[in-house]
Amino acid sequence: MKRIITVLMLMVTSFAWSGDAERGKSISGTCVACHGVDGNSNVNPVWPKLAGQHAQYMERQLKLFQSGDRQNANMSAMVVGLTEEDMADLSAFYAEQKTSIGAAVPELVELGKTVYRAGLKDRKIPACIACHGPTGQGNPLTGYPVLAGQHAAYTAQRLQAYKNGEVVVEAEGTTGQIMAQVAQYLTEEEIQAVSSYLQGLTKAQ
Ligand code: HEC
Ligand code: HEC
């Protein structure tokens, strides 16, 4: 029974997100300057890595940039002419790339790991692991993005934006504002620590 359900779930996902990665690659030329040839951006650490991110999550973010619900000066200009097909294909291409993993700052690992794996119960900060998984791979079906290997500077900036209430629309199917609630009590030090921990997190850990 379990196997049948898994197969059905895989079928549903591949029908819903059947972006053409080959075509995505062929139209990704305008993205290279900031996100790198294979989605591993390496020029500015607040330009996120896209390699290995879930296609559904990226496709949705591209739509949010296009509708103006997610605002960023760099990205808003990039999505103006994209069709739905373009967004699906670009997302399929980046999802297939391999994430390059960075390193954590050793002094920050302990605090970062505690926040990520256990949360800070007395401060109402939930464990990130509950949704983003033990190795930071998230979950494509529930809209939880991959965090492992991402540039710490981008992750920290994103957590700060959630904390400041600047991210208004969240993953489809969620009750909304999940990350705003998660991030509201995090201190700057905890944000830096968990972001650094994630930069060094690998699938194999
Ligand atoms: C001029 C630099 C630049 C270019 C070119 C660019 N991006 Fe981005 N991209 C960014 C920045 C900066 C962010 C982070 C925005 C933020 O902080 O909200 C981003 C975020 C994203 C995200 C969301 C990632 C996440 O984890 O939430 C996706 C998906 C994305 N870009 C796809 C693309 C695609 C596809 C192209 C080409 C059509 C492209 N970008 C071109 C700078 C750029
Ligand atoms: C209850 C589930 C849940 C928990 C717990 C949770 N997250 Fe999230 N997280 C999400 C969802 C859903 C999104 C996507 C939100 C959106 O679409 O903007 C997200 C997005 C993010 C992003 C943005 C990634 C990107 O590429 O832009 C970061 C960073 C993040 N979470 C970090 C954390 C950290 C650190 C913790 C623990 C302190 C945590 N999350 C706990 C559900 C969760």
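Predicted model, so just to flag it, every value in this text is computed and none were measured. Order of appearance sets the numbers: ligands from 1, and atoms from 1 within every ligand.
- Close approach to Gln61 involves these atoms of ligand 2, each under 4.0 Å from a residue heavy atom: 17 (O).
- Near Ile178, meaning under 4.0 Å from any of its heavy atoms, are these atoms of ligand 2: 1 (C), 2 (C), 3 (C), 42 (C), 43 (C).
- Polar contact check, Arg70 against ligand 2: no nitrogen or oxygen pair lies under 3.5 Å apart.
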Could you go through the side-chain contact (heavy atoms from CB on, under 4.5 Å) check for Arg23 and Leu90 one step at a time? CA-CA 8 Å; Arg23 184 175 170 275; Leu90 285 161; over 6 Å; no
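- Using a 4.0 Å cutoff on heavy atoms, Ala130 does not count as a contact of ligand 2.
- With atom 15 (C) of ligand 2 as the reference point, the heavy atom nearest to it among Tyr162, Tyr57, Tyr144 is part of Tyr162.
- Near Leu62, with a cut-off below 4.0 Å to any heavy atom, the atoms of ligand 1 are 32 (C).
- Near Cys128, the atoms of ligand 2 lying under 4.0 angstrom from a non-hydrogen atom of the residue are 34 (C), 35 (C), 36 (C), 37 (C), 38 (C), 39 (C), 41 (C).
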Derivation of the side-chain contact (heavy atoms from CB on, under 4.5 Å) call for Cys128 and Val115: CA-CA 7 Å; Cys128 320; Val115 171; 4.3 Å; yes
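- The N/O atoms of Thr155, backbone and side chain alike, include none that comes under 3.5 Å of an N/O atom in ligand 2.
- Interface atoms of ligand 1 facing Tyr154, defined by a heavy-atom separation under 4.0 Å, are 14 (C), 17 (O), 25 (C), 26 (O), 27 (O).
- With atom 8 (Fe) of ligand 2 as the vertex, NE2 of His132 and SD of Met179 span 170° to the nearest 10°.
- Close contacts of ligand 2 with Arg158, meaning ligand atoms under 4.0 Å from a residue heavy atom, involve 18 (O), 23 (C), 27 (O).
- Selection from Gln150, Lys49, Gln157, Met58 by nearest heavy atom to atom 17 (O) of ligand 1 gives Gln157.
- Atom CD of Glu110 has 12 or fewer heavy atoms from other residues, nucleotides or ligands within 6.0 Å.
- Residue Gly138 places no heavy atom under 4.0 Å from ligand 2.
- Distances from atom 8 (Fe) of ligand 1 under 2.8 Å pick out these protein N/O/S atoms: His35 NE2, Met75 SD.
- Ligand-side atoms of ligand 2 in range of Ala127: 5 (C), range being under 4.0 angstrom from any heavy atom.
- Considering only heavy atoms from C-beta on, Leu198 stays 4.5 Å or farther from His132 through its side chain.
- Residue-level proximity to ligand 2 for Val146 is absent, since no heavy atom of it falls below 4.0 angstrom.
- Between Thr142 and ligand 2, a contact under 3.5 Å exists for no N or O pair.
- Interface atoms of ligand 2 facing Leu147, defined by a heavy-atom separation under 4.0 Å, are 22 (C), 24 (C), 28 (C), 29 (C), 30 (C), 32 (C), 33 (C).
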